[in-house]
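Below is one structure, written out as structure tokens, with a few remarks after it.
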Amino acid sequence: MEQDVIGSYLNSIKNFSLLSAEEEVELSKKIKSGDKEAARQLVNSNLRLVVSLARKMQVSSSVIMDLIQEGNMGLMVAAEKFSAAFKTRFSTYAYPWIAQYMLRYLNNRTSSIALPNRKEMMIRKLQKAQNYFFQQNGREAAVSELSLLTGIPEDKVTEYLNYSYTVASLDVEVSDEDNSVTLGDILPDTTYSPEEMLMKEEEKETVRSLMNSLPGKERCVLWYRYNFDGELQAKTLREVSKIIGVSPEAVRQTEIRAVKHMKAAVEKIRAV
């Protein structure tokens, strides 16, 4: 029966065509302007990515559709947050979002701490309400909103949510295939968001490009004065003057010119 459901689902999504990088960029721009149909198209074209990841992460055949449902929620979040400025394919950006939602489901499902039946029922009720609220509003529900949806007092909502902790080994395998990986291998780093990671890398690339566009002496001065060589401390004007063979005052004037050139280049980029 489970395989019939999966087969039916796969048949329903296989007709959604894959997108080119240019099409993803255009859709992301439309999504930023509030185009719901563009968001739907971007999500639908990547549903197979969710299925692929769900198959790798499933711990039993009975949970794959639940994993797909959770992964689709992560995919929707990624579609809303995706930007052409990230300069990466949408599937690359969406992958950690999908994995994060699937892992949260697996963690909630594999808790090794037994709870009274009534509390487990309340937790399941709250989780359903959370999923429903997210699908309707595109964000996580606050405690007060969950209380309104479920009729459970706010203090009890907080109490039950606190029971949703998990105890799972990072060494547990999350695939039945020969090349199975462990939970720890695919656990996303939640210390910062995927878009922050991409934007930081983009900023580094921009700085490198701007540095390369400077005249040789200006580039050399900034390299040492702003610690691009990775030393513990940036070099002083006098130290740089000895390296390039000019006076400290000449280094200072060169630094001022170089910084002005960098700022002007950044302003041009922002104006595009």
Side-chain angles (χ1 to χ4, degrees), residues 9 13 24 28 31 39-40 42-60 62-83 85-112 123-124 126-143 145-146 160-177 179-202:
Y9 179 75
I13 67 174
E24 290 178 353
S28 73
I31 292 170
R40 222 173 353 254
L42 186 58
V43 168
N44 287 341
S45 296
N46 287 273
L47 290 173
R48 278 167 284 191
L49 173 64
V50 177
V51 175
S52 175
L53 184 54
R55 282 175 164 167
K56 292 178 181 178
M57 295 179 65
Q58 65 173 320
V59 292
S60 69
S62 63
V63 302
I64 187 168
M65 286 308 300
D66 292 326
L67 279 175
I68 290 172
Q69 181 180 4
E70 293 296 321
N72 285 345
M73 290 179 64
L75 181 65
M76 288 187 287
V77 173
E80 293 293 335
K81 292 179 175 289
F82 183 63
S83 170
F86 298 158
K87 297 191 176 183
T88 186
R89 291 304 300 267
F90 175 68
S91 59
T92 302
Y93 174 76
Y95 191 96
W97 284 105
I98 297 168
Q100 185 177 40
Y101 274 73
M102 288 183 179
L103 285 168
R104 183 174 67 178
Y105 167 77
L106 287 175
N107 286 342
N108 288 339
R109 187 176 178 276
T110 57
S111 173
S112 61
I123 290 172
R124 284 197 294 269
L126 285 169
Q127 288 173 340
K128 288 181 179 179
Q130 284 176 316
N131 292 340
Y132 172 80
F133 186 92
F134 186 89
Q135 290 172 345
Q136 297 298 314
N137 300 279
R139 64 176 177 84
E140 299 286 349
V143 170
E145 292 166 329
L146 286 175
Y160 293 141
L161 290 178
N162 287 335
Y163 283 121
S164 296
Y165 53 76
T166 61
V167 179
S169 171
L170 292 179
D171 295 323
V172 64
E173 292 188 352
V174 293
S175 174
D176 294 328
E177 301 174 3
N179 59 342
S180 61
V181 295
T182 66
L183 187 61
D185 291 331
I186 60 174
L187 188 67
D189 186 351
T190 57
T191 58
Y192 48 82
S193 65
E195 63 265 25
E196 287 177 345
M197 179 171 53
L198 288 168
M199 290 303 291
K200 284 180 180 179
E201 193 57 41
E202 177 63 20

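Bear in mind the structure is a predicted one, so any value in this text is a computation, not a measurement.
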Legend entry - Set of residues satisfying salt bridge (charged side-chain N to carboxylate O under 4.0 Å, His left out) with respect to Glu70, sequence neighbours excluded: none
Legend entry - Ile31 and its side-chain contact (heavy atoms from CB on, under 4.5 Å) partner, picked from Glu80, Lys81, Arg40: Glu80
Legend entry - Close side-chain approach of Asn72 to Val43, heavy-atom, < 4.5 Å: no
Legend entry - Contact summary for Ile64 and Ala54, nearest pair of heavy atoms: CG1-CB, 4.1 Å
Inset, instruction - For Tyr101 and Gly74, work out which heavy atoms get closest and say how close. - result: CD1-CA, 3.5 Å
Legend entry - salt bridge (charged side-chain N to carboxylate O under 4.0 Å, His left out) partners of Lys128, counting only residues at least two apart: none
Legend entry - Counterpart residues, side chain to side chain contact (heavy atoms under 4.5 Å, CB included), relative to Ser83 (two or more places apart): Lys32, Ala85, Phe86
Legend entry - Closest heavy-atom pair and its distance - Ala94, Leu75: CB-CD1, 4.0 Å
Inset, instruction - Applying side chain to side chain contact (heavy atoms under 4.5 Å, CB included), name anything that partners Arg89, two or more places apart in sequence or on another chain. - result: Ala21, Glu24, Ser91, Thr92
Legend entry - Least distance between heavy atoms, Met102 atom then Val50 atom: CE-O, 3.4 Å
Inset, instruction - Please name all residues satisfying ring pair (Phe, Tyr, Trp, His ring centres under 6.0 Å) with Phe90, sequence neighbours left out, ordered by chain then number. - result: Phe82
Legend entry - Set of side-chain hydrogen bond (donor to acceptor under 3.5 Å, both in side chains) partners for Arg48, sequence neighbours left out: none
Legend entry - Gap separating the CD1 atom of Ile98 from the CG atom of Leu103, nearest 0.5 angstrom: 12.0 Å
Inset, instruction - Report the distance from atom OG of Ser52 to atom CG of Leu47, rounding to the nearest 0.5 Å. - result: 12.5 Å
